[in-house]
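One structure is given here, and the rest of the page talks about it.
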Amino acid sequence: MREWRIIEALGGTDVPHTPAIAVCTDASVLGRTFYLMGFVDGWSPMGLQDHRWPAPFDTDLASRRGLALQLVEGIALLSKVDWRSRGLEDLGRPAGFHERQVDRWTTFLEQIKGRELPGFGQAAAWLRAHRPLDYVPGLMHGDYQFANVMYNRGAPAQLAAIVDWEMGTVGDPKLDLGWVLQSWPTDTMAPEAATSGYVDMYGMPSYDEVLAHYAEVSRRQVDDIDYYVILAKWKLAVVLEQGFQRAGDDEKLLAFGPIVLELMQGAAELATSTDYRS
């Protein structure tokens, strides 16, 4: 129902999304609540073969840049949706959003804890002390990345739909931006950018270009982006640690182990080096 409410509320907005067709809460039909969304004729970055972008994005770097700009434009448009007028007042708890983050995820980690995560306490303390001063609540996706969008076929790059809204809520939309940027390559023209993540980031716009595009479209200031990147790295590390702790012999979940340590170290290092002060 959370996903249904969001895509239904996005009808008529400029946010790319799947059409909301119908929802059924009668469990006697399929045994549970279900909904039907419209078909989107596009492609997903999760369907790539050998991490290669489809033509022309595989060879045309100018076109490839558009994939990233469209990605961040999607959440910039989402942040501008009037969630109150669209009946989403009770979707989340925007009041105290940032005050809850550290306590909530610290408690979560304590419940699953199986090892020490160096940098956890340092980043947590920094987050507590540097909450944003101009927090403006808005609709957010909650797990925004290339894995959760679709594009129209061919160039120029155009977002066809944002998908997988199960983490959607009313909170701070700039955390979606932090989620995108927390793994952005330092140098997108370096050869290692092609293999540093699950998609080829070589030739993409720089970190600063992506940040500027979000600010232009959303009309939100981004001077405090380091806070959101630190929170995204720290929170994602905790989320992935749960998978690692229950991995057993699952190679995919075991691979989360070093990623968690890298994320947490990155959060602590940025907390130490940033010149941002709330």
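Keep in mind it's a predicted model, so treat the numbers as computed, not measured. For the numbers below, each heavy atom of this structure counts, side chains included, while hydrogens, waters and symmetry mates do not.
- Side-chain contact between V238 and F120 is present, with heavy atoms from C-beta onward closer than 4.5 Å.
- Taking the side chain as every heavy atom from C-beta outward, E73 and H213 approach each other to under 4.5 Å.
- By the rule that hydrophobic residues join a cluster once side-chain heavy atoms approach within less than 4.5 Å of another member, I6 and V163 end up as members of separate clusters.
- Side chains of L175 and K235 form a contact here, defined as non-hydrogen atoms less than 4.5 Å apart.
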Test side chain to side chain donor-acceptor pair (under 3.5 Å) applied to Y228 and D176, step by step: CA-CA 8 Å; Y228 294 93; D176 280 340; over 6 Å; no
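- Taking 4.5 Å as the limit, some side-chain heavy atom of V229 sits within range of a side-chain heavy atom of Q182.
- Within 6.0 Å of the CD atom in Q221, the count of heavy atoms belonging to other residues, nucleotides or ligands exceeds 12.
- Using the six-membered ring where Trp is involved, W43 and F57 have ring planes that are tilted, between 30° and 60° apart.
- Residues W165 and Y144 place their aromatic rings such that the two centres sit no closer than 6.0 Å.
- With salt bridges taken as basic N to acidic carboxylate O contacts below 4.0 Å, none links K80 and D14.
- A side-chain donor from one of S28 and D26 sits under 3.5 Å from a side-chain acceptor of the other.
- When side chains are defined from C-beta on, M204 counts as touching L67, because their heavy atoms get closer than 4.5 Å.
- Inter-residue side-chain proximity for Y202 and W53 is flagged as unmet; no heavy-atom pair is nearer than 4.5 Å.
- W184 and Y207 have their aromatic ring centers separated by at least 6.0 angstrom.
- Taking the six-membered ring where the residue is Trp, the centroids of H98 and Y135 are separated by under 6.0 Å.
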